[in-house]
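Heads up, the thing below is written out as structure tokens.
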Protein chains: 2
Amino acid sequence: MFGTFIYGPGDVRYEERETPSLTGTKDAVVRTVAACVCGSDLWGYRGLRGEPGQTPIGHEFVGIVESVGSDVTTVAVGDFVIAPFYGCDGTCINCRNGFSSSCLNRNWWDGAQSEYVHVPLADGTLVVVPDVDPDDDALVASLLTLSDVMCTGYHAAVSAGVGAGSTVVVVGDGAVGLSAVLASKVLGASRIVAMSRHEDRQKVALSFGATDIVEERGDEGVAAVREMFDGIGPDAALECVGSKASMDQALRSARPGGMVGFVGVPVGGPELPVGDMFASNVGVRGGMAPVRSYIEPLLKLVLSGEINPGAVFTRVRPLSEVAEAYADMDERREIKVMLTTRPIDG
Amino acid sequence: MFGTFIYGPGDVRYEERETPSLTGTKDAVVRTVAACVCGSDLWGYRGLRGEPGQTPIGHEFVGIVESVGSDVTTVAVGDFVIAPFYGCDGTCINCRNGFSSSCLNRNWWDGAQSEYVHVPLADGTLVVVPDVDPDDDALVASLLTLSDVMCTGYHAAVSAGVGAGSTVVVVGDGAVGLSAVLASKVLGASRIVAMSRHEDRQKVALSFGATDIVEERGDEGVAAVREMFDGIGPDAALECVGSKASMDQALRSARPGGMVGFVGVPVGGPELPVGDMFASNVGVRGGMAPVRSYIEPLLKLVLSGEINPGAVFTRVRPLSEVAEAYADMDERREIKVMLTTRPIDG
């Protein structure tokens, strides 16, 4: 098969590699229908995180089960499945607590921007979706968001306690930030401010339920957001980038006693200013999203047509063009690129 | 009148100073019945926070209203009142949100370890308690805890989301930590671990509802606490000290997806390790307790006899012995000392 490797900054290659096969009794091999590039993949691509040598990459995919181990009971060959961006057993104390991203038997894909992916714990990990036409790009796109970005945006909102009537600002207009806007809408927020200076992203944010757009950043951005909410800021600020600037923006935007929900993978710090948090009573909660725990409830909303999170994909490319997809996202030509294994016309 | 000043590390003096009087129409002057020394007062006493020159000190007191401004409606001369450790208007957006410690008109006492205290916003600040015998030390002690420590411990538990069935570890065995044990019990926690190596404090913790005592600290303390809860730790860790070591202990003790509720005044940092928080999904929320918002509900429990938070006071001294009270607490001879203005026998 072919799969994707990162060799270093700016150097992503689609190359032949060994096709995975079953290694135990609880595992599965999934033939990829669609995968994509995550904002966090770009940290390595931009040289902000060391990835020395040839490393398989990619963690978001949906596909069709190719083979299963003898102990697998909930997944069968031919099923269309969504994989969260990690593998989990679904039975340990952390999974039972709803934090499957801290599963005591958590595992990582050996590169999911590949034609096939080996899934060690199939029953705990994969979610079967009945009656999916794998050539239906729009549906596949929305299902693919449930492997990471939509559930991650949802985690930001849940972590910040967003509920009916909440007021929210979302820091970050990437696919996760836009998903956080949609998640806030789903959870009943009454006012949702999207911080964005890109017209294409503003449009998606508004279609997802944003009520206001703020283009300013830094001190001006904080002032603009606070002014919209009695001069003190909204109940929740959702940090969906992972940089020092975005966390700072979120911390300073939430009202006294408010919450920051954070899901941006922190890159190079920052440490959080506990003295400021003490003075303002702004709490910080979030982290690696327990995606597996959110897939089923959000899947219902996708299948009923209530939400269309796949709108974050602004382009579809064949998986073989993965290097171009990294460049698309790195250069902000696209919000997010879906990589498909089906033949694309034209 | 006489009042307390701090001049520098280890140098606290009870000296004559001008008796406060009304300066506006919304204010009151309260004759102190009892005051006390806060753990945070000790930071200055120990030279960990600069307090140059003669500075009035003290922020916890209960007393009897001596005079009121012409616009005051909820408080009358002769009323027994509890003051939170700050003044607030009770009407601004932050007060209405339940975060009166961020009141837009917040003010600080000009030294509350004094015979009289000037309260600028009497209606928003003071809570009247009917039928109090000011010579009833036990009752006065419990009422005095509502000015700070009991409500602050309660804030730690509320900030961490402690509720029915929660599992909790409390880091810190001072008056606030012990109050956090009692607050967790009130909120319905099913198991409450008190970290303490002092027998007198362990006894109070157990009487307040602690189910377990852990004497170890650092790595051993973390391991001991985690082991008690499926190897992963309890739902909530309440940080009631403010040191780097205690915050570290709390962050590492909570289970994945758990919460740290923090109320220790952070001294000299520490900044919070956002990368660790991301990996564990342990959130951090807390800060300066909105005491005023908690006084009324907790007062009901005190007056009904359901809780006896005044047990944190292990000694009563006349206010004139305030310097000895600082030494009592600094040298850990007492958990907390109540300073009374009534004559003490013997």
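From a predicted model like this one, the values you see are computed outputs, not experimental measurements. Naming: A, B, ... by sequence-line order, numbering from 1 per chain.
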Subject >> Contact class of B:Val260 relative to chain A, heavy atoms under 4.5 angstrom >> reply: neither

Original post:
A:Asn97 and B:Ile232: side chain to side chain contact (heavy atoms under 4.5 Å, CB included), yes or no, with the steps?
Top reply: CA-CA 11 Å; A:Asn97 280 338; B:Ile232 60 170; 3.7 Å; yes

Original post:
Below 4.5 Å, heavy atoms only, C-beta onward: do A:Val284 and B:Arg285 meet side chain to side chain?
Top reply: no

**OP:** Using modelled atom types only, decide if a donor and an acceptor are shared between the side chain of A:Asn281 and the backbone of B:Met288 within a distance under 3.5 Å.
**Re:** yes

**OP:** Give a yes or no on whether B:Arg191 atom CZ has more than 12 heavy-atom contacts from other residues, nucleotides or ligands under 6.0 Å away.
**Re:** yes

Original post:
Side chains of A:Ile93 and B:Phe229: does their closest heavy-atom pair fall under 4.5 Å?
Top reply: no

Original post:
So do B:Leu272 and A:Glu271 actually touch side chain to side chain, heavy atoms under 4.5 Å?
Top reply: no

Subject >> When B:Ser280, B:Gly286, B:Gly264, B:Gly283 are compared by non-hydrogen pairs under 4.5 Å with chain A, the top option >> reply: B:Gly286

**OP:** Determine the minimum heavy-atom distance between B:Val263 and A:Phe278, stating which atoms define it.
**Re:** O-CE1, 3.4 Å

Original post:
Top residue by heavy-atom pair count (under 4.5 Å) with chain A, among B:Pro256, B:Ser102, B:Gly98?
Top reply: B:Pro256

Original post:
For B:Phe99, is it the side chain, the backbone, both or neither that has a heavy atom under 4.5 Å from a heavy atom of chain A?
Top reply: side chain

